[in-house]
Amino acid sequence: MAITGIKGFNDILPGEVEKWQRIEATARRVFQIYGFSEIRVPIMEKTELFSRSIGDATDIVEKEMYSFTDKGENRVTLRPEGTAGVIRSYIEQKLHVLDPVTKLYYMGPMFRYERPQKGRYRQFHQIGAEVVGVTNPRIDAQVLIMLRHFFRDLGLTEPTLQINSLGCPECRPAYRAALKGYLEERRELLCDDCRRRMESNPLRALDCKVPGCGQATAEAPSVLDHLCRGCDDHFVAVRRHLDATETSYAVNHRMVRGLDYYTRTTFELVTGLLGSQSAVAAGGRYDGLIQELGGPNLPGIGFAMGVERVALLLSANASAKAPDLFIAAHGEAAGDEAFRLMTLLQGQGFRVELDYEGKSLKSQMRRADKLGARHTLIIGEDELANGRGMLKEMATGVQLELILEAALLAEALSSQPSP
RNA sequence: GUGGCUAUGGUGAAGCGGUUAACACUUACGACUGUGACUCGUACAUACGUGGGUUCAAAUCCCACUAGCCACCCCA
């Protein structure tokens with residue numbers, strides 16, 4: 001039995017990988033427009049970093065992390081998300097002294113030990129961006145605008161933007177208490193999970209998909225009615241900037257977060273096309289996180305998108321680039337000449353293919369056709385004796401004889417632009 | 001961690017207790033023309049996820065395991 005890959009860890013093969021390249025290239029290009037620089041941080045960190053930033057009581061930390069002890073007796077974890085490592089680096093490298101505003105993006109694999117299903121894998125990939133140092137709600141709006149820009153450039157209009165505010169340490173406790181009180185009164189209507197959630201994280205009940213809970217919480221108090229003055233002003237301003245820039249969005253006051261560090265603005269880009277994995281990108285503001293991790297008291301905001309999920313939304317339109325020329329050679333000497341010419345032309349940037357195994361001319365022509373070569377150069381023994389070959393344009397079948405010289409070939413190939 | 005469904009070659013699949021394990025695609029070679037696409041021919045599963053069991057006989061029935069998918073949970 002051959003060795004197989006690990007459950008939930010996938011290969012990305014040619015044909016699929018082109019979509020990834022497009023996603024990554026689009027992200028790089030768009031994010032740079034908005035002043036973001038790439039940062040590359042390790043995929044492993046000390047376990048403590050994640051338990052402190054994400055929150056001890058979250059599902060991620062409680063049961064989904066790939067944690068182990070290395071040979072030096074250190075507790076380490078394969079990163080389950082990107083923000084913690086980036087912020088750790090920001091603090092450790094003292095990036096705040098270089099510039100009061102730091103805009104970073106990253107891309108790479110993340111790891112969570114979950115049961116795989118559509119759009120959810122144990123090794124998955126995120127592209128994320130973080131801004132440190134700006135409190136003004138304009139940055140919240142800008143991050144959202146950038147996200148929309150990214151999806152627009154990918155040709156995706158489907159994911160819709162939902163926003164919410166979770167308040168801050170000033171106002172959230174009061175809301176939490178109010179919600180908890182409301183839930184207590186309807187305890188018997190709630191599912192078992194939600195009864196448990198009332199204690200640990202009552203906000204989660206708002207997100208429950210059990211129909212009974214949906215009804216029971218339909219009239220639940222909204223976070224947005226419990227925001228303190230500062231948070232309310234902030235949220236109103238974010239919306240004002242989105243309106244002013246004609247960025248479409250919907251307020252979803254029931255949206256909650258799985259990570260503890262979020263404050264104020266939170267958002268998701270959701271789609272109905274991915275089964276139950278509706279979130280394509282999500283993020284929010286995390287004003288206390290940097291200080292919590294031992295850094296300066298600076299605000300932050302960021303998001304991450306799931307590359308697999310974006311790729312699922314992208315229609316498969318990728319194809320390998322067809323060769324400019326296929327050289328079909330008949331005979332050993334012709335094969336040598338074919339190889340020589342191929343090398344010269346490749347040096348000039350032409351995509352050239354040939355047959356390596358000395359197969360029949362018919363086989364070689366079939367392969368030229370299959371690869372979609374625009375031209376085929378046929379070198380037979382007779383032609384070779386005269387230093388000539390037949391150049392055939394595959395689409396039309398037109399062929400002409402020419403002298404076997406790389407410069408002449410290059411000219412012939414360039415003179416007929418690709419369709 | 002829980003539940004449902006599925007498991008035949010490189011791929012999609014027929015098959016429902018006794019078949020040379022159909023068919024299509026892909027791939028390879030060949031015919032038509034020393035030169036592709038269309039057409040035609042030939043080849044390609046000692047083998048039906050793994051291990052047991054029932055039976056004269058199992059890809060076909062039973063059990064276990066494993067894997068995959070989908071859903072719950074949670075999330076990107």
Side-chain angles (χ1 to χ4, degrees), chain A residues 1-2 4-8 10 13 23 54 57-65 79-83 107-128 147 159 191-194 196-197 201 204 207-210 255-259 267-271 274-284 302-313 326-331 334 355 357 359-383 389-399 401:
Chain A
M1 193 62 170
T4 59
I6 302 171
K7 181 204 275 279
N10 301 127
L13 301 175
I23 292 166
I54 298 169
T58 59
D59 280 21
I60 292 175
V61 171
E62 275 185 354
K63 49 193 190 193
E64 294 176 0
M65 294 206 301
R79 63 182 182 191
E81 60 99 41
T83 301
M107 48 183 72
M110 307 293 162
F111 305 86
R112 290 183 201 171
Y113 193 88
E114 298 179 276
R115 201 66 173 261
Q117 65 187 75
K118 183 172 188 172
R120 196 177 76 182
Y121 312 100
R122 289 185 174 178
Q123 174 176 320
F124 62 104
H125 297 76
Q126 288 188 334
I127 298 176
L147 255 176
C191 69
D192 293 345
D193 283 334
C194 285
R196 189 167 40 73
R197 286 184 186 120
N201 191 348
R204 284 277 173 75
D207 205 31
C208 186
K209 292 181 184 99
V210 175
M255 188 174 78
V256 297
R257 294 279 70 167
L259 285 64
F267 52 87
E268 282 182 8
L269 267 93
V270 299
T271 174
L274 253 44
S276 61
Q277 260 57 246
S278 57
V280 175
F303 66 83
M305 72 178 92
V307 180
E308 283 84 353
R309 293 180 184 182
V310 177
L312 283 170
L313 295 178
F326 188 96
I327 308 181
H330 193 65
D355 161 65
E357 309 292 356
K359 290 185 175 164
S360 71
L361 190 56
K362 173 197 287 293
S363 288
Q364 297 186 54
M365 290 302 294
R366 272 188 185 152
R367 184 161 169 76
D369 184 59
K370 183 179 162 250
L371 293 175
R374 283 199 295 119
H375 296 270
T376 300
L377 175 67
I378 300 154
I379 308 176
E381 272 142 354
D382 301 343
E383 288 100 326
M390 298 293 280
L391 185 67
K392 179 169 187 170
E393 186 181 25
M394 298 300 274
T396 61
V398 173
Q399 55 184 37
E401 194 176 64

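Letters go in sequence order (proteins before strands), and every chain restarts at 1. Note that this is a predicted model, so its numbers are computed, not measured.
- S360(A) comes within 4.0 angstrom of sugar-phosphate atoms only, judged by non-hydrogen atoms across all strands, and of no base.
- Atoms CZ (R120(A)) and P (C73(B)) sit 10 Å apart, rounded to a whole Å.
- Although no hydrogens or angles enter the test, the distance criterion places a donor-acceptor pair under 3.5 Å between the side chain of R309(A) and the main chain of A279(A).
- Of the candidates C72(B), U27(B), C75(B), the closest approach to any side-chain atom of K370(A) belongs to U27(B).
- Between D59(A) atom CG and C72(B) atom P there is a gap of 15 Å when expressed in whole angstrom units.
- With a 3.5 Å ceiling on both atom-pair distances, the Watson-Crick or G-U wobble partner of C61(B) is G53(B).
- For the OP1/OP2 pair of G30(B) and a distance below 4.0 Å, the side-chain nitrogens and oxygens of S363(A) include at least one atom meeting the criterion.
- Comparing G283(A) and K359(A) by the nucleotide of RNA chain B that holds the closest heavy atom to each, the one mapping nearer the 5' end is K359(A).
- Distance noted for atom P between C23(B) and C44(B): 12 Å (whole Å).
- Checking side-chain atoms of Q364(A) against main-chain N and O of A329(A) turns up a donor-acceptor pair under 3.5 Å.
- In this structure, the nucleotide among A28(B), C73(B), U35(B) sitting nearest to the side chain of L361(A) is U35(B).
- The distance between atom CD of Q364(A) and atom P of C29(B), rounded to the nearest whole Å, is 10 Å.
- One atom, NZ of K63(A), and another, P of C75(B), lie 10 Å apart when rounded to the nearest Å.
- Partner assigned to A47(B) is none, using Watson-Crick or G-U wobble distances below 3.5 angstrom.
- With a cut-off of 3.5 Å on both Watson-Crick or G-U wobble distances, the partner of A71(B) is given as U2(B).
- Side-chain N/O atoms of Q117(A) include none lying less than 4.0 angstrom from OP1 or OP2 on C69(B).
- Applying side chain to side chain contact (heavy atoms under 4.5 Å, CB included) to H125(A) and the options N10(A), V310(A), V307(A) leaves one that passes, V307(A).
- Remark: the separation of the C1' atoms in G53(B) and C75(B) is 43 Å, to the nearest Å.
- For a distance-only test at 3.5 Å, the side chain of R257(A) fails to qualify as a donor-acceptor partner of the base of C75(B).
- Here A281(A) lies in heavy-atom contact (under 4.0 Å) with sugar-phosphate atoms only.
- Nucleotides U11(B) and C63(B), compared at atom C1', are 32 Å apart to the nearest Å.
- When heavy atoms are screened at a 4.0 angstrom cut-off, K362(A) is found touching base atoms of the nucleic acid.
- In a base pair of the Watson-Crick type (N1 to N3 plus N6-O4 or O6-N4) or a G-U wobble (N1-O2 and O6-N3), with each distance short of 3.5 Å, A24(B) is matched with U11(B).
- Atom name C1', nucleotides A14(B) and A21(B): the rounded distance is 9 Å, in whole Å.
- Among A37(B), C70(B), A76(B), the nucleotide with an atom closest to any side-chain atom of D369(A) is A37(B).
- Residues G119(A) and L312(A) approach most closely at CA-CD1, 3.9 Å, considering heavy atoms.
- In this entry the distance linking CZ of R366(A) with P of U39(B) reads 12 Å, nearest Å.
- Nearest heavy atoms, Q123(A) versus P109(A): NE2-CB, 3.6 Å.
- Between the C1' atoms of C38(B) and U6(B), the separation comes to 39 Å (whole Å).
- Remark on RNA chain B: of its neighbouring residues R367(A) and E64(A), the 5'-side contact belongs to R367(A), judged by nearest-heavy-atom nucleotide.
- OP1 and OP2 of G36(B) both lie 4.0 Å or more from every side-chain N or O belonging to K392(A).
- Residue-level contact check: G397(A) touches the bases, meaning some heavy atom is under 4.0 Å from a base atom.
- Using a distance-only test at 3.5 Å, with no hydrogens or angles considered, no donor-acceptor pair links the side chain of R374(A) to the main chain of E393(A).
- Computed from coordinates, the M394(A) CE to U35(B) P distance equals 13 Å when rounded to whole Å.
- Comparing the same atom, C1', in G15(B) and in A59(B) gives a spacing of 8 Å after rounding to whole Å.
- The backbone N or O of T83(A) lies less than 3.5 Å from a partner atom in the side chain of E81(A), making a donor-acceptor pair.
- Counting non-hydrogen atoms under 4.0 angstrom, E383(A) reaches a base of the nucleic acid.
- In this structure, I60(A) reaches neither bases nor backbone, as no heavy-atom distance under 4.0 Å exists between it and the strands shown.
- Summarising the geometry, the separation between CD1 on I23(A) and C1' on A76(B) is reported as 13 Å, rounded to the nearest angstrom.
- A71(B) and U19(B) have their C1' atoms separated by 39 Å, given to the nearest Å.
- Computed from coordinates, the Y121(A) OH to C75(B) C1' distance equals 13 Å when rounded to whole Å.
- Taking a pair to require two hydrogen-bonding distances under 3.5 Å in either a Watson-Crick or a G-U wobble arrangement, C40(B) pairs with G30(B).
- At the phosphate of U35(B), neither OP1 nor OP2 sits under 4.0 Å from any side-chain N or O atom of T376(A).
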Can I378(A) and Q399(A) be said to form a side-chain contact (heavy atoms from CB on, under 4.5 Å), step by step? CA-CA 10 Å; I378(A) 300 154; Q399(A) 55 184 37; 4.2 Å; yes
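- Rounded to a whole angstrom, the distance from the C1' atom of U50(B) to that of A7(B) is 11 Å.
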